[in-house]
Amino acid sequence: MTVKNHVLKNVYRDSVALMRLSREMEGLENVAQATAIMGTDNNKELLAQAGLLADSGKSATPNDLIVAFDLTPPGREEAVMTSVQHRLMSGRQGTSGGTSYRPRSMEGALQTLPQANLAMISVPGEHAAREATKALDLGLNVLLFSDNVPLEDEVDLKQQAISRGLLMMGPDCGTAIINGVPLGFANAVPSGRVGLVSASGSGLQQVICLLAESGEGISHALGVGGRDLSDEVNGAMMLEGLRALREDSATEIIVLISKPPAQSARDRVLEAASRCGKPCVISFLGEQEERASRGNIQMEDNLESTALRILKLLGKEPPGWAFLDDKSRKQIESIIASTDPGHRSIRGLYSGGTLCYESLFILRNLGHQAGSGLEREQVGGDLLIDMGDDRYTVGRPHPMIDFRSRCDALVQAAADPEVGVVLLDVILGYGAHPDPAAELAPAILEAQKIARNGGRRLACVVALCGSPDDPQDMDQQQKTLTHAGALVVHSNALAARIASAISRGAAGPLPGGDTRG
Amino acid sequence: MRNTIEEANQAALSNMYDADPVLVDVAPASEVMPQLGEGTLLHAGPPVQWPAMCSPMQGAVVGALRYQGWAGTEEEAAALASGGSVSLQSAHDFSAVGPMTGIFSPSMPVFVVENRTLGNQAYCTINEGLGKVMRFGANDDSVIERLRWIEKTLAPALREAVLRAGGVDLRPLMAQALAMGDEMHQRNVAATSLFFRAIAPHLVRGSSQQASLSEVTDFLVGNDQFFLNLAMAAAKSAMDAAASINGSTLITAMSRNGTNFGIRIGALGNRWFTAPSLMPEGLYFPGFTSDDANPDMGDSAILETLGLGAFAMAGSPAVVGFVGAGTYRDALNYTQEMGEITLGHHPHLSIPNLDYQGVPSGIDLRKVVETGISPAINTGIAHKEAGAGQVGAGIARAPLECFHQALEALVNEMESR
Amino acid sequence: MAEKRDLLGGPPATINVGLEVFADTLQELGFPVVQVDWRPSAGGDHRLTDLLSRLEQSGDSNAEGTN
């Protein structure tokens, strides 16, 4: 044991700083035990008890810093003191930042961001209602991304929100854009004159993307969750959204989107819309009703016609995305010519639930006996599956983020000799997969190869739902998919009609070519 | 929707925040606590009897029995205590708090702090300084001798000075010390200096004990932690003002007896909810390690109950070095984290570098259970063997089990109304 | 009850509870957002969350009784 004391005259450091220094010194080579401490009588006694007080240390005053250490084996005294001096004089190294506090509660978060006005909640469904209630209690608007929330909780949450004058978007609301801020799965679309309220996330994305491609932007896009227009919820939040857009000066045209609503919800929404004082385009998807105009309200039954109607109201020319170019048309004719009519069933593999739903009713309107995976009734050869449905997402991410299950299903479909057309959607935007084409293209190539090996030809039709400004680079996505042999269009309805044409062996009724409409 | 809980908590918080603690006297414990009579000692934390006491607390009991003259030797004292003929009671039940072992005996002088707003009083012993001291369980002759000097010399001098000063206002003094970097649990150097500045003129002027004045002033300037006990009494006077309010989920006391940690909540008055004390995490004095440490101990957690100590770390970054990276950011994080379990911010105790926002103050039982965030407590670490004294300092957490028990009891109580 | 916070008046300031990718997007685009380090209430202990709800209810019903 070689005890050394160095007395630094009139050098003061806080006792906590010195205790830390002591611990650091004990990590130095040859140092068996070490203490840095101010030279008060009590401290000197402590040093003595620990066997670390040398004669030189005994003379220290309370204003002096004693650096005491035991060198085993002896030597390196100078090196130790150099290190100590360095640590004493240079402050704490590399720790100036430290990690910021991550609040554990919304109340804690409000202390960091006092101006917060929205809580975006995507916790597991069983906890969702509790968190949403807390947010509403704090005066926050809510976007509830979580699904598996009981219907009675949804009714209750929306009533709470209304009584507080707040918006409660969701549950199961995947998309909203407010003043240009994308929330959840949303696209980079320009600011503009169109305000939307939608009970369908992918339906909303399809419409705003088609508008963006035609250079039209939106004021706000509010999601309300797929059950808002059910009997129980009775359009509670669509009415609130409508009210908010009516009062919003940036919004000139109001668009409402939903699957077919319950009767009473339908009546309430139409009644409120008729009195809102702004042109309204209402899209109740697949309602078997004539497209009609009543006062300020225009009814539409699919997403494409909804986008077209909006553009018409804004005085825009018919957009390019509504038509097929000659090259695509020729490709379709060539596929039809080389496909055996016995092998032309359609298999749809969707990530957007509403896009799946839209395709299904478009096919049925065109005379297909199309079934859906959801209904589990396979009435004819054509089958469309919403792979974002809970049944297919247990234990794995949504198919907009993770393409593995769709790629597997695509390859399986290729092995089915009945299947002649595969319908796919690819949704771009924030929150979605950063490069979907890179995932899908190899599977498309493999599927076509499998079909060829079976002596068949497989058509892959892709509805690419995205905005030119989306982070994925829409042009590049289209090129990659086209290069892999897919037929890529931007309107989901058009994709469904192409699939139908191939399946029925007649390209005639498709828009484009010389007919242009 | 406001309900009875919110209303009760607002009432409790007002009492707590409006408390105006003033040091009004320094008096023998038996004089201000008449129930503390012959054969009775008070200890820190929730009630604990001799067999369950940790070694340092037993050591302090032995020392107090000798100091009091109820036993001549250590053996006699131990026999007396283990034989059950000494009444051992929780100091909290006497509006009193003591650091570490927190032993009170009738002859010990105590600070008398009065909450001028509601008139309630709270008491704390006088800090003995560092080294071999009873609060860490030391009980040899030097300890007894110092306690006698405190009783015979220091306390009368302080009493004269306090009375001559007409009391010492603690609230502004504590606010100023916080602004000077003390969180008043680990660090009291500013508060002690301010206190000395406030009391010195009155000590000197017309003192009847000129001869001992130099001893008294040496003692006061030789102990950076002198103010700790005053801060504790001030905090106790504020928390007692907020105690026993029907329906309130405010935590009104947190304390440890070295074996168990206990809490009280507003709605359930003097009931304790206890769980085993946890081990602090921290830094050790030369020659000691965590193997030497006693579990968390003392009534000083009354400071965190008010919003000082670990809750005020953002205003006292020097103290955060005890754990983790020890950066200013870490200090800030402690204060922000504690802000998630408190009902408000103390209007009189503010932190300059947080733009004078008050310390997070008023722990809510519900928030602790809901978030799972356990109150952090800055603490000295005692050696687990009696008499060895302090071995380090660090940060402890309150065991969540206490809060779970309290919640269950509160629900039963509310539902049975 | 807290003051209600108007949503459509300007770009929202968001508290994100759950999937961090949503907060990352907002952060990258420069919009104000705070991520909550969320854990299930009371650590997912159903006995405790049940007690917390019962406490809230008994507080409310006692208030009604006294009004």
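Each chain gets a letter, A, B and so on, in the order the sequences are listed, and its residues count up from 1.
With a 4.5 angstrom heavy-atom cutoff, A/I401 does not touch chain C via any of its atoms. For A/E126, the part lying under 4.5 angstrom from a heavy atom of chain C is the side chain only. Interface residue A/L167: only side-chain heavy atoms are found under 4.5 Å from chain C. If you measure heavy-atom distances from A/Q115 to chain C, the contacts under 4.5 Å come from both the backbone and the side chain. Both the backbone and the side chain of A/L110 come within contact range of chain C, judged by heavy atoms closer than 4.5 Å. In this structure, chain C has a heavy atom under 4.5 Å from the side chain of A/R130, while its backbone stays farther away. Looking at A/P114, the atoms closer than 4.5 Å to chain C (heavy atoms on both sides) all sit in the backbone: N, CA, C or O.
Under the 4.5 Å side-chain criterion, counting only non-hydrogen atoms from C-beta, C/T14 is in contact with A/L183. By the 4.5 Å heavy-atom criterion applied to side chains, A/M120 and C/Q35 are not counted as neighbours. Here the side chains of A/P103 and C/V34 are in contact, with some heavy-atom distance below 4.5 Å. Here the side chains of C/V36 and A/S105 are not in contact, with every heavy-atom distance at 4.5 Å or above. Within the 4.5 Å cutoff, side-chain heavy atoms of A/L222 are placed close to those of C/L8.
Judged purely by atom type and a 3.5 angstrom limit, A/N179 uses its side chain to pair as donor or acceptor with the backbone of C/G10. A/S122 contributes a side-chain N or O that, together with a main-chain N or O of C/L19, makes up a donor-acceptor pair within less than 3.5 Å. Distance alone, capped at 3.5 Å, is enough to place a donor-acceptor pair between the A/N117 side chain and the C/D6 backbone.
In C/Q27, the CD atom is not crowded: 12 or fewer heavy atoms of neighbouring residues, nucleotides or ligands sit closer than 6.0 Å. The environment of CZ in C/R47 is crowded: more than 12 heavy-atom neighbours from other residues, nucleotides or ligands sit within 6.0 Å.
Chain C forms the most heavy-atom pairs under 4.5 Å with one residue out of A/G180, A/G108, A/P182, and that residue is A/P182. Chain A forms the most heavy-atom pairs under 4.5 Å with one residue out of C/N16, C/D37, C/L29, C/T25, and that residue is C/D37. When each of A/T112, A/L245, A/L113 is scored by its heavy-atom pairs under 4.5 Å with chain C, the top score falls to A/L113.
Within the model, atoms CH2 of C/W38 and CZ of A/R102 stand 14.0 Å from one another, a figure rounded to the nearest 0.5 Å. The distance from the CD1 atom of A/I121 to the CD1 atom of C/I15 is 9.5 Å, given to the nearest 0.5 Å.
Shown here for C/L7 and A/I178, the closest heavy-atom pair between the two residues is CD2-CD1, 3.4 Å. In this structure, C/P11 and A/V181 approach most closely via the heavy-atom pair CB-CG2, 3.7 Å.
Here the two rings, on C/F22 and A/Y430, have centers that are 6.0 Å apart or farther.
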